[in-house]
Amino acid sequence: MGPSAIKPTGLLVSVLLLAATAACGRATRTASEPVAPPASFSSSGSVELPDRWWTALGDPGLDAAVDTALSANFDLRIAWERLRAARAVTDRTEALALPLVDASAEGRVSTPEDAGSEGGGSGESYSLDLAASYEVDLWGRIGARIDAERLRAEATRWDYRSAALTLSAEVSRTWAQLAEAGSQVQLAEEQVETNATVLELLENRFGTGQVRAVDILRQRQLVESTREQLTLALEREALLEHRLAVLLGRSPQEGTGARPGALPTLPPVPETGVPLELVRRRPDVRSAFLRLRAADADVAAAVSDQFPRLTIFASTATDAGSVGTLFEDWVRSLGGNLLAPLFFGGELRAEVDRAEAVRQQRLYEYGRATLAAFREVEDALAREARQRQRVGQIETQVELAEQAYAQLRVQYFNGTSDYLDVLTALDEVQALRRSLLTARLTLVEARIALYRALAGSFETARETEAMGGGGDG
């Protein structure tokens with residue numbers, strides 16, 4: 001239709017204005033906070049936590065391993081490609097706000113044979129057409145869809161950073177586990193050597209009739225039991241090496257390229273800050289909030305779909321019998337089209353209901369992510385505090401067990417104690433030493449969990465290169 005055909009009456013203008021008011025009223029919701037953050041956490045340290053939190057452990061080997069994982073880990077690469085795809089979807093949606101322009105060209109040459117007669121002539125014809133259309137965003141439908149995709153792309157960016165944060169924690173935890181496994185191997189080797197030395201001493205005394213044969217058998221059993229512990233420790237060490245290699249983007253056969261030493265000495269507890277700051281800092285919580293805002297925009301777009309759409313179109317064309325005269329005469333047209341949905345069997349209203357239900361789902365997901373962030377901090381604080389107590393208690397047990405073993409051994413060789421008591425005491429000492437290493441590892445893991453729970457996001461080298469290069473590759 002032409003321009004004169006789209007003049008609305010005064011009544012139609014009023015109806016459309018009322019519809020626009022209703023649409024705006026439903027489309028501009030403010031995302032509410034589903035969870036009221038508490039005033040503070042149960043405890044706090046005094047040391048500021050750096051963005052690259054693993055550096056607080058003071059292990060250069062761990063720093064290098066995390067940097068390698070951030071550049072080569074395949075899970076993080078997958079998360080990056082999701083981000084690139086989300087940004088491409090945003091670019092595609094933004095194109096809806098721009099005019100669409102199509103061009104077509106045609107050339108035809110006819111011969112006497114084509115004409116079907118001997119006297120038929122030959123000729124040429126050429127045509128060129130340009131057409132453009134543009135939808136006027138009367139009710140903000142296109143803008144709402146663009147906002148939704150932009151917010152989802154931004155949420156995906158925080159998902160990527162959350163994946164980087166999780167990866168750094170996983171590498172740090174595996175690094176600590178590998179350090180503990182190496183210490184367990186070393187301890188098991190020492191215990192095998194100790195038990196073998198005791199066995200040799202018993203066998204020497206057996207020849208003089210001072211030791212019973214059953215005592216030698218029991219000691220041999222202890223030697224084999226410690227060798228079994230060594231075998232298990234070596235197996236666990238190998239599996240952890242394979243796991244760390246894969247986290248670093250390498251094959252298990254290639255190895256990690258570096259081995260940790262002993263478990264790190266933990267620095268002071270970091271400052272926890274206030275819970276409200278944690279909500280703003282955590283990448284997973286920010287992602288959930290951005291998806292909630294995107295769902296708000298989806299509701300606005302669904303509401304706007306119920307109202308008329310105005311599209312303006314223009315075209316120009318030219319025809320000629322030769323290429324030289326093709327651009328001499330142009331035919332132009334300009335028009336508009338007003339499309340109003342009248343009856344869709346409840347489809348549009350159902351889409352609004354679906355969008356609103358999704359919005360509520362995103363609201364609850366945001367609340368769940370917020371509560372999970374608070375719980376992770378409190379869990380890590382409680383776990384570290386209790387684990388420190390447990391480490392101290394095991395250290396006391398080790399000291400007491402060593403004293404008991406020393407006294408029982410003297411009594412045995414003086415003939416006032418049974419060897420079974422000596423054997424039991426030695427076994428307890430060795431088991432407690434292994435448990436002490438495990439307890440110290442659990443303490444380090446609790447600190448890593450606290451760092452992970454309190455940490456915010458950090459920019460990876462991949463992001464820096466993409467921004468500097470003007471692309472996402």
Side-chain angles (χ1 to χ4, degrees), residues 43 176-206 210-212 214-237 260-269 380-450:
S43 62
Q177 291 171 351
L178 187 55
E180 186 264 348
S183 297
Q184 290 282 13
V185 169
Q186 183 178 357
L187 178 61
E189 290 173 343
E190 293 174 357
Q191 291 177 350
V192 168
E193 183 178 355
T194 298
N195 294 337
T197 301
V198 173
L199 176 61
E200 183 179 358
L201 177 62
L202 291 176
E203 289 174 341
N204 292 335
R205 292 176 67 89
F206 178 75
Q210 297 176 326
V211 175
R212 297 180 303 171
V214 68
D215 295 338
I216 295 179
L217 292 176
R218 286 170 176 167
Q219 184 62 30
R220 286 176 178 173
Q221 180 183 359
L222 182 59
V223 170
E224 292 304 317
S225 175
T226 1
R227 286 173 177 168
E228 180 191 5
Q229 293 295 329
L230 175 58
T231 300
L232 292 174
L234 289 169
E235 176 190 0
R236 181 167 174 266
E237 184 182 40
L263 284 169
T265 301
L266 294 179
V269 177
L381 289 171
R383 188 182 181 194
E384 177 166 345
R386 297 296 175 264
Q387 194 61 26
R388 283 187 180 277
Q389 295 178 359
R390 182 167 179 262
V391 169
Q393 291 162 355
I394 296 178
E395 287 175 344
T396 302
Q397 292 181 64
V398 169
E399 182 179 352
L400 294 173
E402 287 177 343
Q403 293 175 6
Y405 168 67
Q407 293 180 15
L408 287 169
R409 184 177 179 182
V410 171
Q411 293 174 6
Y412 170 72
F413 285 117
N414 289 334
T416 60
S417 175
D418 188 78
Y419 186 72
L420 181 60
D421 296 332
V422 179
L423 187 67
T424 301
L426 177 59
D427 190 33
E428 288 178 351
V429 168
Q430 294 181 346
L432 283 170
R433 285 178 176 173
R434 293 192 294 267
S435 297
L436 181 58
L437 282 176
T438 303
R440 287 173 176 168
L441 170 62
T442 305
L443 179 59
V444 173
E445 289 178 330
R447 174 59 65 84
I448 292 174
L450 180 60

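The structure presented is a predicted model; accordingly, all values stated were derived computationally and were not measured.
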Holding to side chain to side chain donor-acceptor pair (under 3.5 Å), I want the full list of residues that pass it with [X], two or more places apart in sequence or in another chain.
{"X": "S183", "answer": "none"}
{"X": "Q177", "answer": "E445"}
{"X": "R390", "answer": "none"}

Could you tell me whether a side-chain N or O of T226 sits under 3.5 Å from a main-chain N or O of L222, the two making a donor and an acceptor?
-> yes

Test item: R236 side-chain N/O and L178 main-chain N/O as donor-acceptor pair under 3.5 Å =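 No; zero donor-acceptor contacts below 3.5 Å.
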
Spacing of E180 atom CD and R434 atom CZ [to the nearest 0.5 Å] |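 Output value for this atom pair is 11.5 Å.
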
Interatomic distance, CG@L437 vs CD@Q186, rounded to 0.5 Å, equals 9.5 Å

A446: partners by side-chain contact (heavy atoms from CB on, under 4.5 Å), with sequence neighbours left out |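 A446 satisfies side-chain contact (heavy atoms from CB on, under 4.5 Å) with R383, E384 once adjacent residues are dropped.
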
Passing option when I216 is tested against R212, R218, R220 for side chain to side chain contact (heavy atoms under 4.5 Å, CB included) | R220

Salt bridge (charged side-chain N to carboxylate O under 4.0 Å, His left out) partners for E224, two or more places apart | R227

Would L450 and V269 satisfy side-chain contact (heavy atoms from CB on, under 4.5 Å), going step by step from the backbone distance to the final call?
-> CA-CA 9 Å; L450 180 60; V269 177; 4.0 Å; yes

Quick check: do [X] and [Y] have side-chain heavy atoms less than 4.5 Å from each other?
{"X": "L199", "Y": "E203", "result": "yes"}
{"X": "Q184", "Y": "L230", "result": "no"}
{"X": "D421", "Y": "T424", "result": "no"}
{"X": "E428", "Y": "Q397", "result": "no"}
{"X": "L420", "Y": "D215", "result": "no"}
{"X": "V198", "Y": "V422", "result": "no"}
{"X": "Q229", "Y": "V185", "result": "no"}

Tell me, yes or no, whether the heavy-atom count around E200 atom CD, taken from other residues, nucleotides or ligands under 6.0 Å, exceeds 12.
->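 No - once you tally the heavy atoms of other residues, nucleotides and ligands closer than 6.0 Å, there are 12 at most.
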
Heavy-atom pair of closest approach, residues [X] and [Y]:
{"X": "L263", "Y": "A176", "answer": "CD2-O, 3.3 Å"}
{"X": "A439", "Y": "I394", "answer": "CB-CD1, 3.7 Å"}
{"X": "A380", "Y": "A449", "answer": "CB-C, 4.0 Å"}
{"X": "L266", "Y": "L443", "answer": "CD1-CG, 3.7 Å"}
{"X": "A179", "Y": "P260", "answer": "N-CG, 3.6 Å"}
{"X": "Q219", "Y": "L423", "answer": "OE1-CD1, 3.4 Å"}

Cationic N near anionic O, under 4.0 Å, E395 to R440 =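 Salt bridge between E395 and R440, a charged N being under 4.0 Å from a carboxylate O: yes.
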
Which residue pairs pass the ring-ring contact (aromatic ring centres under 6.0 Å, His included) test with at least one member in residues 413-432, sequence neighbours excluded?
-> Y412-Y419

Can you tell me if Q407 and Q403 form a side-chain donor-acceptor pair at under 3.5 Å?
->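 No, no side-chain donor-acceptor pair sits under 3.5 Å.
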
